[in-house]
Amino acid sequence: MAAEDDLPVVTFGNLMSEGTALSRRGQHDKALGCFNDALKLRAGDKHCLITRSKCYLKLGDTENSLKDAEASLQIDKTFSEGLYQKAETLYTMGDFEFALVFYHRGRRLRPDLHKFQLGINKAEEAIVNCIGNPSLVKLENKEELCFVSRQAELQSKKDQKQQNKPTKDQKQMKKKSPKTEQQLLGALYADKAFLEKLLKDEDLMQSSTRQGIKVMDLVLGGISYLNQRRDFWQQQKPMYARLYERKVLRQQQMRDKKEKPSDISKSIAKDMEDIDLLLARGSAEESCRKAERLLKRIQAWSENEVPNKCELIGNLHSCIGNAQLAMGQMEAALRSHKMDLDCARQNALTDGVSRALDHIGHVYARTGKFQQAINAWEEKIPLAQSSLEKAWLFHEIGRCYLELGKAEEAQDYGQKSLQSADEEGDVEWQLHATVLVAQAQVKLKDYPSAIMTFERALEKAKLVPSEAAQHAIIAALDNVSKSFIAQLNKSGKGGTLPSHEDRVFGSKNINSTTTNAKKKQENQDEKPADGNVRKGKTDKEIKESSGEKQNLGGKIK
């Protein structure tokens with residue numbers, strides 16, 4: 001029962017948000033599942049019905065799309081989104097007349113929405129393309145003509161039309177104005193022009209292929225296909241809508257050109273801040289999408305518009321990699337950080353190289369590839385800019401060596417980390433480094449030294465302060481003491497050690513052996529520089545990196 005209480009609560013809003021996000025990424029099948037579940041929680045919600053109708057339409061299921069649109073209108077007859085979705089579905093089904101009716105209804109309700117006027121225009125043009133322009137049809141009422149004479153006149157016109165009827169080849173050659181065809185066919189217009197040019201070569205047209213097919217038939221077949229595509233696109237996407245889209249695109253391009261470099265820099269800075277904030281709040285997926293969109297925009301700009309373009313591209317690859325790591329996409333995260341590294345090396349960006357090596361080491365460590373993590377972090381050592389950065393870097397390398405069972409190397413890097421932490425005066429990293437040294441000494445079975453090192457770590461934990469760390473170190477001390485007693489008994493030097501409840505760490509004898517060693521070690525150790533614990537770090541990035549690195553195993557749990 002307790003496990004059920006811990007499960008996250010699924011709400012209507014969560015399902016709608018998830019479904020909308022999936023639909024935007026083109027995963028309409030998965031989005032349908034979310035909308036179906038949402039309607040189970042709130043049956044008959046008109047907004048949910050419309051979003052599901054759009055999904056059905058994207059999947060080509062016009063029948064269900066129409067049902068959902070009509071269902072939303074049964075709930076609210078004046079629902080403009082429902083009217084527009086029904087009109088769009090009818091238009092897709094080829095019912096242009098009915099679609100036109102609902103476009104008009106929507107415009108009467110919401111004349112401020114331009115999409116209804118666009119719908120009217122494209123529906124009217126589709127109708128004209130299908131049945132012709134009604135204004136060209138002239139009906140005359142001639143009462144003096146009797147029925148028989150009228151029939152005779154019609155038959156005469158029919159015979160005349162039959163005589164003037166173009167042949168099949170002439171039909172294939174029938175075409176619209178070049179400008180209209182070029183707009184409709186796009187890149188295919190050049191192919192059609194080439195085929196029409198071939199028709200003028202009479203010798204070529206009379207020849208045949210090895211299979212016995214006439215070249216003329218092949219050319220005419222190609223032209224016929226292109227004419228069909230032209231007519232199809234004119235019906236499905238009328239010229240008015242096509243012109244409007246081009247107009248909007250030109251306006252967008254003009255706005256981009258008019259945008260000043262200072263405005264671009266401000267916009268980029270704001271987007272970068274949003275990307276970091278989304279990741280910090282746990283919205284890794286949204287942070288990744290925003291970073292990918294910004295990356296495409298920056299790649300399209302010139303160096304004049306964005307002077308630090310290469311640096312920004314590398315930084316965005318890093319942001320994408322961090323978001324992918326948070327989502328558990330390890331391979332993708334590694335690729336992104338390697339792209340950051342390549343970009344930094346190509347442009348001689350020292351800070352970018354250091355950042356990329358740090359993140360690559362993290363990914364390798366998270367996936368258990370400790371030697372690769374060590375290689376990346378050791379390459380970063382000469383690039384470290386502060387004692388604090390060296391402290392956590394040495395600590396992470398030592399932690400990886402400890403995971404690989406190389407206790408001597410782990411102890412060595414632990415001592416380096418402690419030295420750097422002492423130079424910075426950071427008590428927290430002094431604690432982590434001291435614990436790493438003690439753990440390495442336990443692996444080396446140097447129990448007396450491990451006991452004294454753990455005692456020093458306990459004093460650091462009291463300064464941080466951290467009760468959880470204190471309890472963990474006390475438990476570790478008891479385990480080391482028991483191992484030391486077992487070692488003494490095995491070697492014939494029996495002895496007992498009091499438990500931590502019966503003694504004060506850092507004061508009197510553990511036994512004669514450990515006391516002398518402890519006093520000797522304490523005389524060599526330096527005292528903390530002052531009693532004030534420095535909470536701040538050198539910069540934000542190092543602070544965030546150190547927080548992540550503690551999860552590798554260095555932080556006392």
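No hydrogens, no waters, no symmetry mates; every other heavy atom, side chains included, goes into these values. Because the structure is predicted, anything quoted here is derived from the model rather than measured.
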Next on the checklist: Check this for me, if you would: do R366 and E403 make a salt bridge, where the nitrogen-to-carboxylate-oxygen distance has to be below 4.0 angstrom?
Outcome noted: no

Item to check | Electrostatic pair E88:K115 at N-O distance under 4.0 angstrom | outcome: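 Judged by the 4.0 Å cut-off on N to carboxylate O distance, E88 and K115 do not form a salt bridge.
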
Checklist entry - Any sub-3.5 Å donor-acceptor pair from S287's side-chain atoms to S283's backbone N or O? => result no

When you check the side-chain N and O atoms of [X] and [Y], is any donor under 3.5 Å from an acceptor?
X: S65; Y: T89; result: yes
X: N121; Y: E125; result: no
X: N14; Y: T11; result: yes
X: Q324; Y: S336; result: yes
X: K214; Y: S208; result: no

Next on the checklist: With side-chain contact (heavy atoms from CB on, under 4.5 Å) as the criterion, how do L83 and K86 come out once you've worked through the C-alpha distance, each side chain's angles and the decisive distance to 0.1 Å?
Outcome noted: CA-CA 5 Å; L83 288 169; K86 184 173 182 179; 5.9 Å; no

Item to check | Residues F98, Y91; criterion side-chain contact (heavy atoms from CB on, under 4.5 Å); working and verdict | outcome: CA-CA 8 Å; F98 287 109; Y91 181 86; over 6 Å; no

Less than 4.5 Å apart, any side-chain heavy atom of [X] and any of [Y]?
X: T350; Y: V353; result: no
X: H28; Y: Y56; result: no
X: E389; Y: S354; result: yes
X: N64; Y: D68; result: no
X: I374; Y: Q371; result: yes
X: K290; Y: E285; result: no
X: F35; Y: M16; result: yes
X: K296; Y: R293; result: no

Next on the checklist: So which atom in W377 and which in I397 form the shortest heavy-atom distance, rounded to 0.1 Å?
Outcome noted: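 That would be CB-CG1, 3.7 Å.
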
Next on the checklist: Check for me whether the distance between the ring centres of Y364 and F370 falls short of 6.0 Å.
Outcome noted: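 No, the ring of Y364 stays outside the 6.0 Å limit from the ring of F370, centre to centre.
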
Checklist entry - Between F79 and H47, is the gap from one ring center to the other below 6.0 Å? => result yes

Next on the checklist: Assess the residue pair E331 and T367 against the criterion (side-chain contact (heavy atoms from CB on, under 4.5 Å)); give the C-alpha distance rounded to whole Å, side-chain angles, the decisive distance to 0.1 Å, and a yes or no.
Outcome noted: CA-CA 10 Å; E331 293 183 3; T367 54; over 6 Å; no

Please round to the nearest 0.5 Å and tell me the distance separating atom [atom1] of [X] and atom [atom2] of [Y].
X: Q117; Y: R107; atom1: CD; atom2: CZ; answer: 4.5 Å
X: E70; Y: L49; atom1: CD; atom2: CG; answer: 12.0 Å
X: I268; Y: N308; atom1: CD1; atom2: CG; answer: 7.0 Å
X: L316; Y: R297; atom1: CG; atom2: CZ; answer: 10.5 Å
X: Q85; Y: I50; atom1: CD; atom2: CD1; answer: 5.5 Å
X: I223; Y: D191; atom1: CD1; atom2: CG; answer: 11.0 Å

Item to check | Summary of ring-ring contact (aromatic ring centres under 6.0 Å, His included) pairs that have at least one residue in residues 194-216, sequence neighbours excluded | outcome: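 Listed by first then second residue: nothing to list.
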
Salt bridge (Lys or Arg N to Asp or Glu O under 4.0 Å) involving [X] - partner list, sequence neighbours excluded:
X: E273; answer: none
X: D76; answer: K46
X: K40; answer: D37
X: E311; answer: none

Next on the checklist: Checking H337 now: which residues fulfil ring-ring contact (aromatic ring centres under 6.0 Å, His included) with it, not counting sequence neighbours?
Outcome noted: H359

Checklist entry - Yes or no on side-chain contact (heavy atoms from CB on, under 4.5 Å) for L341 and H317, after CA distance, side-chain angles and deciding distance? => result CA-CA 9 Å; L341 181 61; H317 282 304; over 6 Å; no

Next on the checklist: Ring of F12, cation from R42 - is the NZ or CZ under 6.0 Å from the centre and inside 45° of the axis?
Outcome noted: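 Pair R42/F12 counts as cation-pi.
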
